[in-house]
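So you know, we letter chains A, B, ... as the sequences are listed, proteins then strands, and number each from 1.
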Amino acid sequence: MSACFAVIDFETSGLSPAVGSRATEVAVVLWQDGRELDSYQSLMNAGVRVPADIERLTGISNAMLRTAPPAARVMAEVADFVGDIPLVAHNAAFDRKFWDHELALLGRQRRQDFACTLLLARRLLPQAPDHKLGTLTRWAGLPAAGRAHRALADARMAAHLLQYLLDTAARQHHRPGLAHAELCQLQKVAAAKVGEFLRPR
DNA sequence: TGCCAGGCCCTCTTTAGGGCCTT
């Protein structure tokens, strides 16, 4: 049995907490052995106004956020849902800074590493037209999980992309005539390299 | 109104600059 990953995606009011941006929606997909075990998704009201261009991009309106549960309650729930499971995101540097910032507002700290499907895709799939999540999903023929730029759909797309990358890493290390034990060892090495590729520095 | 960040990585690089990617 392979490791379990918590694939996360935030929608936000902007590009960085450093300029006052806050999370507006979060989703996490628990992913193991090529399938979704469980998921969490919620809008979250952080008391900020979402600019009109981001409303259009995500479809998350200020009216929707007015009736959403408080950000503090949602972050406590999602952090408990994730526990110590390793986190994965597409462009993890982005989601990591919002995860850390929103948890810090609760007086809590991240307990695990973040892996990044963007960095892995750049290394393992250099032939792709570009490395946006939507482009890679279409290019690799992965399932379109719903409306792009909504948290649960993007988290599911990133989970399928993670599986595609894990499979690609294993395939690129394959040599004919390997004994089963050798193949298992090679996959462990590939998985370790995946972790190394994806860990934000 | 328009803008705001920041890490990674490539190259016409390393005493730096700029594109990509996230919303």
J.: In whole Å, what is the span from the CG atom of D53(A) to the C1' atom of dC4(B)?
T.: 12 Å
J.: When the C1' atoms of dT14(B) and dC9(B) are considered, how many whole Å apart are they?
T.: 14 Å
J.: C1' atom, dT13(B) versus dG19(B): distance in rounded Å?
T.: 15 Å
J.: Take atom C1' in dC12(B) and the same atom in dG17(B), then report the distance between them in whole Å.
T.: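 To the nearest whole Å, 11 Å.
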J.: Whole-Å distance between dG7(B) C1' and L120(A) CG?
T.: 16 Å
J.: Run the side-chain contact (heavy atoms from CB on, under 4.5 Å) test against S61(A) and tell me which residues pass, sequence neighbours left out.
T.: E55(A), A63(A), M64(A)
J.: Between the protein and nucleotides 20-23 of chain B, list the N/O to N/O atom pairs that are separated by less than 3.5 angstrom.
T.:
{"unit_1": "dC20(B)", "atom_1": "O2", "unit_2": "R122(A)", "atom_2": "NH2", "d": "3.3"}
{"unit_1": "dC21(B)", "atom_1": "OP1", "unit_2": "H131(A)", "atom_2": "N", "d": "2.6"}
{"unit_1": "dC21(B)", "atom_1": "O2", "unit_2": "N91(A)", "atom_2": "ND2", "d": "2.9"}
{"unit_1": "dT22(B)", "atom_1": "OP1", "unit_2": "L133(A)", "atom_2": "N", "d": "2.8"}
{"unit_1": "dT22(B)", "atom_1": "O4'", "unit_2": "N91(A)", "atom_2": "ND2", "d": "2.9"}
{"unit_1": "dT23(B)", "atom_1": "OP1", "unit_2": "D154(A)", "atom_2": "OD2", "d": "3.3"}
{"unit_1": "dT23(B)", "atom_1": "OP2", "unit_2": "H149(A)", "atom_2": "ND1", "d": "3.3"}
{"unit_1": "dT23(B)", "atom_1": "O3'", "unit_2": "E11(A)", "atom_2": "OE1", "d": "2.8"}
{"unit_1": "dT23(B)", "atom_1": "O3'", "unit_2": "T12(A)", "atom_2": "N", "d": "3.0"}

J.: If you look only at pairs with a residue in residues 136-164 of chain A, which of them pass as a ring pair (Phe, Tyr, Trp, His ring centres under 6.0 Å), with sequence neighbours excluded?
T.: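 Listed by first then second residue: W31(A)-H160(A).
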J.: Go through the structure and list residues passing side-chain contact (heavy atoms from CB on, under 4.5 Å) with R122(A), not counting sequence neighbours.
T.: L118(A), L119(A), H131(A)
J.: With sequence neighbours left out, what residues match E77(A) under side-chain hydrogen bond (donor to acceptor under 3.5 Å, both in side chains)?
T.: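 Residues passing side-chain hydrogen bond (donor to acceptor under 3.5 Å, both in side chains) with E77(A): Y40(A).
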J.: Please identify each residue that fulfils side-chain contact (heavy atoms from CB on, under 4.5 Å) with P70(A), with sequence neighbours left out.
T.: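 Only R73(A) meet the side-chain contact (heavy atoms from CB on, under 4.5 Å) criterion with P70(A).
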J.: Using the P atom as the point on both nucleotides, what is the distance between dT15(B) and dC20(B), in whole Å?
T.: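 Each nucleotide's P atom is 26 Å from the other's.
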J.: Could you measure between the two C1' atoms, the one in dT1(B) and the one in dC21(B), and give it in whole Å?
T.: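 Comparing C1' positions in dT1(B) and dC21(B) gives a spacing of 25 Å.
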J.: Do the side chains of E11(A) and R150(A) get close enough for a salt bridge, i.e. N-O under 4.0 angstrom?
T.: no
